[in-house]
Amino acid sequence: MTKIILKKGREESLKRFHPWVFSGAIAQVVGNPSEGDVVGVFSHEGEFLAHGHYQIGSIAVRVLTFGGEDVMSPDFWKNMISRALKVRTAAGLAAEGGKTNCFRLVHGEGDCLPGLVIDFYDGVCVLQAHSAGMFRSKSEICEALKAVFGDRLKAVYDKSSGTAPFKAGLDLVDGYLYKAPSFSDDEQVVLESGNKYFVNWTEGQKTGFFLDQRENRSLVGRYSSGRNVLNLFCYTGGFSVSALSGGAVHVDSVDSSAKAIAMVSRNMSLNGYDDSVHSEICADAIEWLRNVPEDKYDLIIVDPPAFAKHRGALGNALRAYQRLNASAISKVASGGLVFTFSCSQVVDKEAFALAVFSAAAATGRQVRILDRLNQPADHAVNIYHPEGEYLKGLLLYVE
Ligand code: SAH
C-alpha cells in the first residue's frame, strides 16, 4: 500500500480527526498510487495516522479511518453503513411503517465517509460518489447495503456521473447496481411527515428530492394555517404540500424548471389538492417576485439554489441574497412570514444573517427573527469537520 508521509508538524489536524490531507501537507509519496487507491498516511516521524482514499487535487487524501481497521475488507463498508443507519434510527427516521420513510443514509464527512452520499427512499438507495475512491468502491458499498437492509432493499441506483471527479474521456453512465426482482420503476412514492411525494432519481435533481428541508417543511406546515403562500424555487413542491397540509388557503409554486413544475402538479394530485388551492408557475423566481403585488402573500418561502459554489463567488452571492430577500420582505403582507434559506456552504450563518439584515434595513420595515433554521439530523455535521454545515435559514416576521 502506498505511504503518504507528511511534512513535519502537519499531522496536527489529523490528530484532531479532520478527515482531509491537503496536497501541500505532503512531504513524500512512497509508491505510485492511482486515483481512488487506499493509502496509509504517516507523520514525518513515521507514526501511522490514517487510511484514506487518494486523489490528485488539493484534497489529496480523504480519510476513511484513523484506527487500524481493515479498510480493504467488505466488513468495513457494512460496519460504516450500519453505524450511519444507527444515527438515523436514533433520530427516529429509520423505523418501518412510520410517517417518514425517506432519509439521507450517508452524508459524507458527517458519517466518516468523505465523498459518499446515499439517500434512502423507502428501500431505494440512490448513491452519489464525489471522490474517485468512493466511485471505485461502488460495488462493495452496494453489497454492504444488501447485507444491512436485507429484504427491505428494493434497489441501489448509482447517480455519480455528474458528481464523480473524473475528467472527460471516461464516459460515466448512471444506472442500477442492484434491483430486487419485484422492483421495476425509476420512481416511487415516499412519505415525509405523513405527506406523499413522487421521487424520480433518474429525472430529478440531485438524488431526486431535497431531503435536507424535511424539518423546515414541517415548520412551514405549522405556520401556514389560513395563509396565502408563495413558494419560490419550489422544485417538486415539498414546501407547497406541507403548507397545504398545514391549512394554507392557497399556494403558488414557482420554479424555472419545467420538469420540476410538472412534478409539483403530480404531487398536488397525489395528496388530494386541486387547482382551487394551488397554482404552478414555471418562471424565473426573481423576475416573478418583482411583479408580485404587495400584500398578496402572507407567507413567502425563498429557497434558491446555492448562489456561491466556491469562495471566489462569495461577494456576488451575498449581494444576490440581499437583493432577493429585500424583494421578499418588501412584498410580504403586514404580519406576514418569510422563510429564507441559503444552501451555499461558503456562506456561513453569520454572513447570511448579515445579508438578510441589510435586506430588511433596505425595506425600512420592522422585522423579527422568530427562528433560526438548519439542516436536519440525517445531514449530520462531523464536529471535527465544521465545513459540513451548509444549510441555514431564518424565519422572519414582518410587521
Ligand atoms: N425548496 C425545494 C428545493 C429547492 S432547490 C424543496 O423543498 O424541494 C432549488 C430550485 O431552484 C431548483 O428546483 C431549481 O430548478 C430552481 N431554480 C434555480 N434557479 C431558478 C430561478 N432563477 N428561478 C426559479 N427557480 C430556479
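All values below come from the heavy atoms of this structure, side chains included, with hydrogens, waters and symmetry mates left out. Just follow the structure's listing: the first ligand is 1, and inside any ligand the first atom is 1. Numbers here simply count residues along the sequence, with the first being 1.
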Quiz item: Could Lys179 and Phe183 be counted as a cation-pi pair, given that NZ or CZ must be under 6.0 Å from the ring centre and within 45° of the axis?
Solution: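 Judged by the rule, Lys179 and Phe183 form no cation-pi pair.
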
Exercise. May I ask you to establish whether Lys138 and Phe135 are in a cation-pi arrangement, using a distance under 6.0 Å from NZ or CZ to the six-membered ring centre and at most 45° from the ring axis?
Key: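 Cation-pi check for Lys138 and Phe135: passes.
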
Self-check item: From CA spacing to verdict: side chain to side chain donor-acceptor pair (under 3.5 Å), Lys154, Gln188
Solution: CA-CA 11 Å; Lys154 295 175 182 164; Gln188 67 174 356; 3.3 Å; yes

Quiz item: For ligand 1, what is the set of protein residues having any non-hydrogen atom at a distance below 4.0 Å?
Solution: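 Only Gln205, Phe210, Arg217, Phe233, Cys234, Tyr235, Phe239, Asp255, Ser256, Ser257, Ala283, Asp284, Ala285, Asp303, Pro305 have heavy atoms that fall under 4.0 Å of ligand 1, ordered by chain and number.
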
Quiz item: salt bridge (Lys or Arg N to Asp or Glu O under 4.0 Å) with Asp378: which of Lys86, Arg104, Arg88, Arg214?
Solution: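 When salt bridge (Lys or Arg N to Asp or Glu O under 4.0 Å) is applied between Asp378 and each of Lys86, Arg104, Arg88, Arg214, only Arg214 qualifies.
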
Quiz prompt | Evaluation steps, side chain to side chain donor-acceptor pair (under 3.5 Å), between Tyr384 and Ser13 | solution = CA-CA 9 Å; Tyr384 306 113; Ser13 64; over 6 Å; no

Self-check item: Under 3.5 Å: donor-acceptor pair, side chain of Ser34, backbone of Asp37
Solution: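 No.
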
